[in-house]
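As the structure lists them, so they are numbered: ligands from 1, and atoms in each ligand from 1.
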Amino acid sequence: MSGIIKLGVIGDPINHSLSPNIHKLFAERAKIEIEYLAYRVASSNLENFIKSFFKDGGTGLNVTLPHKVDCLNSVDEFSLIVKKIGAANTLRREKGTNKIFADSTDGMGLIKGLHGAKINEIKSDILIIGAGGAAQSIIHNLQDRHPRVIVIANRTKEKIKPVISRFPPLDYDDLYPNTQVVDIETYINQWNHQGFHTVINATSARKDSDFKWCESLPIEDATNFYDLSYSMPDETTPFIKWARHQGNSSVRKNISDGFGMLIHQAALSFEIWTGIKPDTNISKGELFNG
Ligand code: NDP
């Protein structure tokens, strides 16, 4: 590949983003030249920024909060996943047509993050705590793995129903029935429930206080706990501290934070833009201290 590849991430705020450092590492290891910058973009300037970035020769943008939904107003085409979840984290300019194409790598990033954490068996009942953008961005890929059921618990109950209705067990794009997505009350009261084996934290609950949940959850047999949030190298997320005291203490538990997902969703974006699968063997130390 010749010439510098112009990439970036947009959000507001954006100074916390680790994406520039992650992509710098990917590019160094792949021996290609990129420019990847973090841009703070206000909502009022979103459409103008996206259009100008690509018009001026940009190849790809990552999109983070609060623009993951509204960025879709500025694009020409969407992937199937973006159509389902109504949000994107990766934009690219299509060679030839110059059209802007929106994709989402969060869900596949999670699946790879789970595998990295040795959480390979996700066929049984899965609990997702949280019903915001991150929860919605992972449901489709989890449904695709055909667990028995995916259950949503959320602090604000009214927000669960609209999420569930986005993910019917079968729609016109699906060849086979997908796993049903239900709320926690339905699961407990109407299902022959077996209890959860995998618990995923998709809340943005504060990192500086203990993780607590407002209702009791059938997780006595849970062995897998995955936190979408991640911590600094020498810290532990509140959900992970909580998870250590939950679930089945008689077998080895797999407990992980979302650092793996972070790296893998970035790697999938990098591949979309460059065609290169980057080396994802990146430690927290390298990223935070490097
Ligand atoms: P949203 O703002 O869209 O959603 C936040 C969710 O957290 C809502 O369900 C909200 O519940 C819940 N919540 C917030 N505070 C609390 C609390 N104190 N107690 C209980 N529930 C709470 O955020 P996102 O979905 O975009 O992000 C969620 C998390 O996922 C973030 O920590 C983010 O960093 C992480 N993430 C990680 C990625 C990775 O690559 N590892 C990728 C994407 C996200 P309610 O509806 O009641 O307000």
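For the side chain to side chain donor-acceptor pair (under 3.5 Å) test with Ser269, the passing option among Asp103, Thr90, Asp106 is Thr90; the others fail.
There is a path of hydrophobic side-chain contacts, each under 4.5 Å, that joins Ile276 to Tyr36. By the criterion of side-chain heavy atoms lying less than 4.5 angstrom apart, applied directly or through intervening Ile, Leu, Val, Met, Phe, Trp or Tyr residues, Leu127 is grouped together with Ile188 in one hydrophobic cluster.
Contact analysis puts Ser229 in contact with ligand 1, with a non-hydrogen atom separation below 4.0 angstrom. Residue-ligand proximity: Arg206 is placed with every non-hydrogen atom at 4.0 Å or more from ligand 1. Not a single heavy atom of Phe259 sits less than 4.0 Å from an atom of ligand 1.
No cation-pi contact links Lys277 to Phe26, judged by a cut-off of 6.0 Å to the six-membered ring centre and 45° from its axis.
Considering backbone and side-chain N/O atoms, Gly130 never comes within less than 3.5 Å of an N/O atom of ligand 1. Residue Thr156 places at least one N or O, backbone or side chain, under 3.5 Å from an N or O of ligand 1. The shortest N or O to N or O distance between Trp213 and ligand 1 is not under 3.5 Å. Remark: ligand 1 and Leu65 share no N or O pair separated by less than 3.5 Å (distance only, no angle test). Distances between N or O atoms of Ala135 and those of ligand 1 include no value under 3.5 Å.
Ionic pairing of Asp227 and Lys241 is not present here: no N-O contact between side-chain nitrogen and carboxylate oxygen is shorter than 4.0 angstrom. Contact check on Arg29 versus Asp279 returns a salt bridge, with a Lys/Arg side-chain nitrogen under 4.0 Å from an Asp/Glu carboxylate oxygen. One finds no salt bridge joining Glu94 and Lys99 here, because no Lys/Arg side-chain nitrogen approaches an Asp/Glu carboxylate oxygen to under 4.0 Å.
Here the two rings, on Phe239 and Tyr226, have centers that are 6.0 Å apart or farther. Taking the centre of each ring, Phe101 and Phe78 stay at or above the 6.0 Å mark.
By the criterion of a heavy-atom distance under 4.0 Å, the backbone of Ala202, and not its side chain, is placed next to ligand 1. The proximity of Tyr226 to ligand 1, defined as any non-hydrogen pair under 4.0 Å, does not occur for either the backbone or the side chain. For Lys159, every heavy-atom contact with ligand 1 shorter than 4.0 Å involves the side chain, none the backbone. Counting heavy atoms under 4.0 Å from ligand 1, residue Asn154 touches it through the side chain alone.
Shortest contact from atom 27 (O) of ligand 1 to any protein heavy atom: Ala134 CB, 3.7 Å. For atom 4 (O) of ligand 1, the nearest protein heavy atom (residue, atom name, distance) is Gly132 CA, 3.4 Å. Shortest contact from atom 3 (O) of ligand 1 to any protein heavy atom: Gly133 N, 2.9 Å. Remark: minimum distance from atom 18 (N) of ligand 1 to any protein heavy atom is reached at Arg155 NH1, 3.4 Å. Atom 14 (C) of ligand 1 has its closest protein heavy atom at Ser204 OG, 3.4 Å. Looking at atom 42 (C) of ligand 1, its nearest protein heavy atom turns out to be Met261 CE, 3.7 Å. Closest protein heavy atom to atom 37 (C) of ligand 1: Leu228 O, 3.2 Å.
Within the 4.0 Å cut-off (strictly below), a protein heavy atom is located near atom 40 (O) of ligand 1. Counting only heavy atoms, the protein never gets under 4.0 Å from atom 33 (C) of ligand 1.
Counting heavy atoms only, Thr203 comes closest to atom 29 (C) of ligand 1 of the residues Val163, Thr203, Leu110.
The contact set between ligand 1 and Gly258, taken as ligand atoms under 4.0 Å from a residue heavy atom, comprises 41 (N). Near Leu262, with a cut-off below 4.0 Å to any heavy atom, the atoms of ligand 1 are 40 (O), 41 (N).
Contact of the Val181 side chain with the Ile139 side chain is registered, since non-hydrogen atoms from C-beta on lie closer than 4.5 Å. Between Ile32 and Ile5 there is a side-chain heavy-atom pair separated by less than 4.5 Å. The closest side-chain heavy-atom distance from Thr203 to Arg155 is not below 4.5 Å. Side-chain contact between Ile200 and Asn224: absent, with no pair of heavy atoms (C-beta onward) separated by less than 4.5 Å.
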Evaluate the criterion side-chain hydrogen bond (donor to acceptor under 3.5 Å, both in side chains) for residue pair Asp257 and Thr237; output intermediate values, then yes/no. CA-CA 7 Å; Asp257 78 8; Thr237 67; 5.8 Å; no
